[in-house]
Trainee: 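Dumping the structure here so I can ask a few things about it.
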2 protein chains.
Amino acid sequence: MNLATNTKIRMTRQRQQILDHLSSVKTHPIADELYQMVRQQMPRISLGTVYRNLEILSDSGIIQKIDVGGTQKRFDADISNHAHIRCVKCGCVGDLDVHIDVDFEDAARKACDFEVLRHRLEYSGICPDCKDKKAVLM
Amino acid sequence: MNLATNTKIRMTRQRQQILDHLSSVKTHPIADELYQMVRQQMPRISLGTVYRNLEILSDSGIIQKIDVGGTQKRFDADISNHAHIRCVKCGCVGDLDVHIDVDFEDAARKACDFEVLRHRLEYSGICPDCKDKKAVLM
DNA sequence: ATTGTATATAGTAACGATTTCTATTATCAT
DNA sequence: ATGATAATAGAAATCGTTACTATATACAAT
Ligand SMILES: [Mn+2]
Ligand SMILES: [Mn+2]
Ligand SMILES: [Zn+2]
Ligand SMILES: [Zn+2]
C-alpha cells in the first residue's frame, strides 16, 4: 500500500499524540525520536505503535515519509511539495523551497522508456550549527 | 570515510571478480545479487567480503554506491554523473541521461542557510517490462 | 625465489531498524 | 450500551549490513 487510501481511520489517543508531536516540529524526526517525544505524555506507548501509525498516517496522505539517505526514514507533517537538504556532518534535515521552473518529468520521458511518474530533488551540505562548530576549531 | 581516498588498494581475486561482474551489467545490482554472480566462479566467497569490497571500491571512487530508496543499496560501475529511475512495481533501477541546464546548487543556496554541497535528482516510474505485464492483464 | 608484514579473507556472530505476532483493549457506528 | 472491527503493548522475528577473529594472501623489499 503506497498511495493515499480513502479508508477512514480511527483516531486513537496514540495516533493523535504522534500526529500532534510531528506537527509541532520542523526537524523531520525519525520514528524513535517521535517515540521519545510521545513517551513524555504516554509512558506505556510502544515503539511498534509509533511505527505502525507513521505508516498508516503516511499511507493516508496525512503526513509524508521521507528518505534522504542514511539508515533511518524520517517523517514530515508538511505534505506540500518541497525539497530537503541533509547535513553530511550531523544528519539533520532541513526544508528547502527551491522553485526551479523546469518540467522534470517531461525531460525524463525523453531520456528513457519508463512511464515516468515522479521525481525527487535532494540536497546535501553542512548545516548552520556544524558550520559554526567547524569555525570554532579553526 | 566517504570521499575518494588516494591510498592504493590491493587487487585480490575476490575484488577483481566483484568489479568485473559489476562492470558487465547495467542493472545496478544490490550486494546479494553480486554475491550470487561471483559465487558462480568462486563458490567459497563470503557475503561479508562482497560488502567490504563494495565499500572499499566506492570509497576509492572506482564504483559508486547509489541510494534510490527501498531497503537495499545498489552499486554502479558507471561513475559518470547521471540520474536514476526506479520502477515502483519491481524495484529495478535504470539510467537516465537528463541534462537540465540549471545550477541546482546555486538555486538551493538562495533558499537555505546550509553550505550546499551537492544534489541528487531521482525519478520513479514504471519500467517497460512492468508496463507490458500491466497491458496483458487488461 | 624467499621473506616479512600489512591487508584481506571465510565464516560466524552481532547489530539496528523495522515488521510481525498475539492476546487484550479501545473506538465508533448502530 | 453493544458488538464488530481495528488498534494496542510487549515481545519475538526478520533482514540488510557490519564487526569479529583466526587464517591466508598480496606485494614490496631482500
Ligand atoms: Mn520538510
Ligand atoms: Mn547508473
Ligand atoms: Zn549539521
Ligand atoms: Zn518494473
Side-chain angles (χ1 to χ4, degrees), chain A residues 1-2 5-22 28-60 62-75 86 91 93, chain B residues 1-2 5-22 28-60 62-75 86 91 93:
Chain A
M1 199 176 287
N2 220 341
T5 61
N6 39 20
T7 338
K8 67 181 63 172
I9 60 171
R10 288 187 186 170
M11 194 45 67
T12 61
R13 296 185 307 117
Q14 290 87 341
R15 189 165 295 161
Q16 188 67 59
Q17 283 281 327
I18 292 164
L19 186 53
D20 287 351
H21 274 98
L22 183 58
H28 310 89
I30 61 177
D32 193 67
E33 287 170 345
L34 282 161
Y35 174 54
Q36 301 304 337
M37 295 182 209
V38 177
R39 280 225 282 183
Q40 306 295 318
Q41 278 76 44
M42 309 181 71
R44 313 295 303 263
I45 194 171
S46 98
L47 181 55
T49 297
V50 175
Y51 272 105
R52 187 170 13 77
N53 277 303
L54 289 171
E55 196 65 30
I56 289 168
L57 289 167
S58 55
D59 280 347
S60 311
I62 297 167
I63 68 172
Q64 66 168 318
K65 192 195 286 198
I66 58 187
D67 182 1
V68 284
T71 50
Q72 286 137 299
K73 297 286 194 314
R74 293 184 171 269
F75 297 88
R86 153 182 288 261
V93 174
Chain B
M1 200 174 286
N2 221 341
T5 60
N6 39 18
T7 338
K8 66 182 66 173
I9 61 172
R10 288 187 184 172
M11 192 47 66
T12 62
R13 296 184 307 115
Q14 291 85 343
R15 189 166 295 161
Q16 189 67 61
Q17 283 281 325
I18 291 164
L19 187 52
D20 287 350
H21 274 99
L22 183 59
H28 311 89
I30 60 176
D32 193 68
E33 287 170 344
L34 282 162
Y35 175 54
Q36 300 305 336
M37 294 182 212
V38 177
R39 280 226 282 182
Q40 305 296 318
Q41 278 76 45
M42 309 182 71
R44 313 294 303 263
I45 195 172
S46 98
L47 181 56
T49 297
V50 175
Y51 271 105
R52 185 168 17 75
N53 277 302
L54 289 170
E55 196 65 31
I56 290 169
L57 288 168
S58 57
D59 280 348
S60 311
I62 298 169
I63 67 172
Q64 66 169 319
K65 194 196 283 199
I66 58 188
D67 182 1
V68 284
T71 48
Q72 287 138 299
K73 297 286 193 316
R74 293 182 172 269
F75 297 88
R86 154 181 287 262
V93 174

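When reading the values below, keep in mind they use all heavy atoms of this one structure, side chains included, and skip hydrogens, waters and symmetry mates. Naming convention: chains lettered A, B, ... in sequence-line order (proteins, then strands); numbering from 1 in each chain.
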Trainee: For A/R15 and for B/K73, find the nucleotide of DNA chain D with the closest heavy atom, then tell me which residue's nucleotide is more 5'.
Mentor: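 This one resolves to A/R15.
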Trainee: Is a side-chain donor or acceptor of A/R74 paired with a backbone partner of A/H28 at a separation under 3.5 angstrom?
Mentor: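 Yes; judged by distance alone, with no hydrogens or angles, the pair exists.
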Trainee: Please assess B/D32 against B/Y35 for the test side-chain contact (heavy atoms from CB on, under 4.5 Å), listing each intermediate value before the final yes or no.
Mentor: CA-CA 5 Å; B/D32 193 68; B/Y35 175 54; 3.7 Å; yes
Trainee: So if I define the base as every atom that isn't primed, P, OP1 or OP2, how would nucleotides 25-30 of chain D read as a B/S/- string at a heavy-atom cutoff under 4.0 Å?
Mentor: BBS---
Trainee: Whole angstrom is fine here: how far is it from CD in B/Q36 over to P in D/dG16?
Mentor: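 Spelled out: CD on B/Q36 to P on D/dG16 is 12 Å.
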Trainee: To the nearest Å, give me how far apart CD1 (A/I56) and C1' (C/dT18) are.
Mentor: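 Atom CD1 in A/I56 sits about 15 Å away from atom C1' in C/dT18.
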Trainee: B/I62 versus B/I9: any side-chain heavy-atom pair under 4.5 Å?
Mentor: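 Yes, close enough: below the 4.5 Å cut-off.
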Trainee: Show the nearest heavy-atom pair for residues B/V68 and B/V93, with the distance to one decimal.
Mentor: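 Minimum heavy-atom separation between B/V68 and B/V93: CG2-CG2, 3.6 Å.
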Trainee: Between the main-chain N or O of B/G69 and the side-chain N or O of B/D67, is there a donor-acceptor pair closer than 3.5 Å?
Mentor: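 Confirmed, B/D67 side chain pairs with B/G69 backbone.
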Trainee: When all nucleic acid strands are considered with a 4.0 Å heavy-atom cut-off, which category describes A/D32: base, sugar-phosphate, or nothing?
Mentor: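 Nothing: the residue A/D32, judged by heavy atoms under 4.0 Å, touches no strand.
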Trainee: Assess the residue pair B/R52 and B/E55 against the criterion (side-chain contact (heavy atoms from CB on, under 4.5 Å)); give the C-alpha distance rounded to whole Å, side-chain angles, the decisive distance to 0.1 Å, and a yes or no.
Mentor: CA-CA 5 Å; B/R52 185 168 17 75; B/E55 196 65 31; 5.6 Å; no
Trainee: What is the distance, to the nearest angstrom, from the CD atom on A/Q17 to the P atom on D/dA7?
Mentor: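 Value for this atom pair: 18 Å.
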Trainee: How long is the line joining CD of A/E33 and C1' of C/dG16, in whole Å?
Mentor: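 So the two atoms are 15 Å apart, to the nearest Å.
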Trainee: Would you kindly give the CG-to-P distance between B/D59 and C/dA8, to the nearest whole Å?
Mentor: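 Interatomic distance, CG of B/D59 to P of C/dA8: 12 Å.
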Trainee: Nearest whole Å is fine: how far is C/dA8 C1' from B/E55 CD?
Mentor: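 Between C1' of C/dA8 and CD of B/E55: 15 Å.
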Trainee: How close or far is atom P of C/dT7 from atom CG of B/N53, stated in whole angstroms?
Mentor: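 Taking atom P of C/dT7 as the reference, CG of B/N53 is at 15 Å.
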Trainee: Rounded to whole Å, how long is the line connecting atom OH of A/Y35 with atom C1' of C/dA17?
Mentor: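 After rounding, the reported distance stands at 14 Å.
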Trainee: Under a 4.0 Å heavy-atom cut-off, which of residues 44-52 of chain A touch DNA chain D?
Mentor: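 Listed by number, they are A/R44, A/I45, A/S46, A/T49, A/R52.
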Trainee: Hey, mind stepping through A/R15 and A/L57 against side-chain contact (heavy atoms from CB on, under 4.5 Å) and telling me if it holds?
Mentor: CA-CA 8 Å; A/R15 189 165 295 161; A/L57 289 167; 4.1 Å; yes
Trainee: So which of B/T49, B/N53, B/I45 actually passes side-chain contact (heavy atoms from CB on, under 4.5 Å) with B/V38?
Mentor: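 With B/V38 as partner, side-chain contact (heavy atoms from CB on, under 4.5 Å) holds for just one option, B/I45.
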Trainee: Does B/Q41 form a side-chain hydrogen bond (donor to acceptor under 3.5 Å, both in side chains) with B/H21? I'd like the steps, not just the answer.
Mentor: CA-CA 11 Å; B/Q41 278 76 45; B/H21 274 99; 3.2 Å; yes
